[in-house]
Amino acid sequence: MDIFDTFLNADVMRRTFPMLLQGLWITLQLGAASIVAGLVLGLGLAMARLYGPAPVRFVTRLYIDIFRSIPLLVLLIIVYYALPFVGLRLSPFLSAMSALTLVSGAYTAEIFRAGIEAIPKGQFEASAALGLSGRQTMADVILPQAVRIVIPPLTNNSINVVKDTALASVVAMPDLLKQATQAQALAANPTPLIVAAAIYIAFLWPLVALVSRMERRFSAPGR
Amino acid sequence: MTGFVSIRNLRKSYGSFEALRGINLDVAKGEVVCIIGPSGSGKSTLIRCINRLEGFDPTSEIRVDGTPVTTGRALAKVRAEVGMVFQSFNLFPHLTVRENVMLAPRRVRRTTRADAAAQADRLLDRVGIGDQADKYPGHLSGGQQQRVAIARALAMEPQVMLFDEPTSALDPEMVGEVLDVMRDLARTGVTMIVVTHEMGFASQVADRVIFMDAGQIVEQGPPAQVLSDPQEPRTRNFLGAVLNH
């Protein structure tokens with residue numbers, strides 16, 4: 001079976017699998033770090049966008065629009081190859097994490113904003129009438145309700161972040177994709193690429209299925 | 001004389017529309033005031049100004065127990081003293097009934113969890129829904145939800161209770177249970193300002209009835225006088241329309 005020897009060569013698979021696992025570990029670290037940092041940044045941006053003074057709102061909006069418009073690959077290359085000219089030299093990991101976080105934060109901010117704006121005005125009024133501060137209102141009343149609304153889109157965004165970590169291979173990050181291309185070169189066989197693709201799918205498919213399920217459940221009547 | 005709640009020359013505009021056109025009102029401690037009037041007369045806007053859910057003209061002045069209702073820290077203090085019950089309940093749907101009642105005492109008054117829970121159970125018993133404490137608001141009827149909302153407001157031990165059409169969103173068979181709770185509350189000496197369409201409640205419970213129209217107080221006095229023997233033609237028209245609909 002020629003096609004199996006070419007694309008799913010058991011021997012190549014066995015030899016290159018440890019390399020791929022190292023790459024996977026880095027991909028997961030990069031993905032997790034960027035998702036968490038993006039959530040924090042996004043929540044901060046959403047607050048600034050909704051409740052900041054007018055100039056802050058304007059700047060936040062500008063930020064969100066710019067970072068939703070710029071292609072991630074372009075941003076990544078700027079961070080890694082252009083910033084050193086102004087003395088800012090980041091490691092491949094930090095470059096990739098910065099680029100992913102900056103963009104993810106912009107999307108997350110819009111998701112949080114939509115979630116907060118979906119909470120009825122009466123919830124804010126009831127909190128204010130009880131004497132809760134703005135911060136207490138957010139922490140105890142608004143965000144716990146908004147989180148339920150934003151979990152599906154946030155999960156979607158997280159899936160995108162993990163997928164986009166593959167772009168880090170262009171700045172010499174030894175992530176899953178980079179390791180796979182190197183293994184492919186070493187073994188002179190494309191099997192590692194197929195295995196890498198299978199690993200991405202194995203990790204993200206359950207999340208994709210989860211989002212579909214949540215979306216069905218949240219859109220179900222009566223809740 | 002100045003009242004426990006004192007309102008001086010209260011004005012509020014939405015663009016060129018004047019919602020409140022110079023209201024003066026004093027409410028004494030322990031007094032129960034019912035505000036009636038056609039929709040759009042400004043009665044809800046008026047009570048929403050008292051805890052500043054609505055901003056108002058800077059030349060106007062509202063004081064609660066002597067404290068001016070402004071912005072910032074002083075406002076939080078006033079709001080903690082002024083309870084409010086809304087037409088649409090506005091319970092917190094992600095918290096149980098007991099947690100709804102506990103939240104403000106815990107966060108604003110720094111009451112311990114145990115004390116807040118004990119107080120919540122007491123208040124829920126008082127409004128007749130002690131057995132529902134562990135349910136979520138979504139599983140309660142409208143009348144029960146509104147009684148939780150009253151308990152939630154009472155948990156802050158307010159000096160004044162504001163009611164913004166508390167029975168208007170209820171099915172008719174549930175109006176009575178909420179009015180009963182409010183009637184009991186009135187007997188305890190809490191100062192109450194109630195915007196309502198329930199003329200029966202106003203005539204039985206209110207110390208004073210205020211009729212508003214077009215952003216002004218048209219007529220006020222004891223319920224027997226305002227409701228049974230109104231002096232102003234606008235009051236007469238309104239009552240005629242409401243009582244003989």
Side-chain angles (χ1 to χ4, degrees), chain A residues 39 43 46-48 50-57 108 111-155 213-223, chain B residues 44 47-55 64 71-95 99-110 136-139 145 148-158 160-164 169:
Chain A
L39 282 175
L43 186 57
M47 290 297 142
L50 284 169
Y51 306 113
V56 173
R57 286 207 304 270
T108 308
I111 293 171
F112 274 124
R113 182 177 66 87
I116 290 167
E117 283 179 346
I119 305 299
K121 203 167 128 248
Q123 296 288 305
F124 291 89
E125 291 187 346
S127 308
L130 286 167
L132 296 177
S133 69
R135 182 185 289 259
Q136 290 165 336
T137 301
M138 269 298 138
D140 291 317
V141 179
I142 305 305
L143 288 180
Q145 296 183 62
V147 160
R148 291 173 202 206
I149 302 171
V150 300
I151 278 180
L154 280 185
T155 312
R213 244 186 58 194
M214 285 192 296
E215 279 168 349
R216 261 203 315 272
R217 212 184 52 187
F218 285 129
S219 63
R223 181 70 187 140
Chain B
S44 281
I47 70 164
R48 288 166 58 86
C49 284
I50 295 174
N51 61 356
R52 215 180 168 106
L53 289 183
E54 304 281 350
V64 175
T71 49
R73 214 166 269 276
L75 179 59
K77 206 178 140 242
V78 168
R79 282 176 170 169
E81 303 297 333
V82 178
M84 186 160 201
V85 175
F86 299 87
Q87 181 177 347
S88 50
F89 326 140
N90 295 343
L91 293 178
F92 305 134
H94 61 298
L95 300 178
E99 289 166 342
N100 264 275
V101 181
M102 288 168 63
L103 180 66
R106 293 211 63 209
R107 293 290 180 268
V108 182
R109 300 256 192 256
R110 304 272 163 212
Y136 285 88
H139 296 130
Q145 291 193 45
V148 174
I150 293 172
R152 179 177 69 175
L154 290 177
M156 290 297 285
E157 294 168 347
V160 186
M161 284 285 282
L162 308 175
F163 291 85
D164 187 4

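A note on names: the letters A, B, ... follow the listed sequences, proteins ahead of strands, and every chain is numbered from 1.
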Worksheet item: Under 4.5 Å, heavy atom to heavy atom, which residues of residues 120-130 of chain A contact chain B?
Response: A:Lys121, A:Gly122, A:Gln123, A:Glu125, A:Ala126, A:Ser127, A:Ala128, A:Ala129, A:Leu130
Discussion item. Can you tell me which of B:Val82, B:Leu103, B:Val78, B:Asn51 forms the most heavy-atom pairs within a distance under 4.5 Å of chain A?
Written reply: B:Leu103
Fill in: Interface moiety of B:Arg152 toward chain A, non-hydrogen atoms closer than 4.5 Å
both
Fill in: chain A contact via B:Phe86 - side chain, backbone, both or neither, heavy atoms under 4.5 Å
side chain
Discussion item. Taking side chain as everything from C-beta outward and backbone as N, CA, C, O, which of these in B:Leu162 sits under 4.5 Å from a heavy atom of chain A? Side chain, backbone, both or neither.
Written reply: neither
Worksheet item: Closest heavy-atom contact between A:Gln145 and B:Pro93?
Response: OE1-CG, 3.2 Å
Which atom pairs, one a donor and one an acceptor, fall under 3.5 Å between side chains of residues 132-144 of chain A and the rest of the protein, sequence neighbours left out?
unit_1: A:Ser133; atom_1: OG; unit_2: A:Gln136; atom_2: N; d: 3.1
unit_1: A:Ser133; atom_1: OG; unit_2: A:Gln136; atom_2: OE1; d: 3.3
unit_1: A:Gln136; atom_1: OE1; unit_2: A:Ser133; atom_2: N; d: 2.9
unit_1: A:Gln136; atom_1: NE2; unit_2: B:Arg107; atom_2: O; d: 3.2
unit_1: A:Thr137; atom_1: OG1; unit_2: A:Ser133; atom_2: O; d: 2.8
unit_1: A:Asp140; atom_1: OD1; unit_2: B:Arg107; atom_2: NE; d: 3.3
unit_1: A:Asp140; atom_1: OD1; unit_2: B:Arg107; atom_2: NH2; d: 3.2
unit_1: A:Asp140; atom_1: OD2; unit_2: B:Arg107; atom_2: NE; d: 2.6

Fill in: For chain A, the option from B:Lys77, B:Glu81, B:Met84, B:Arg48 that forms the most heavy-atom pairs under 4.5 Å
B:Arg48
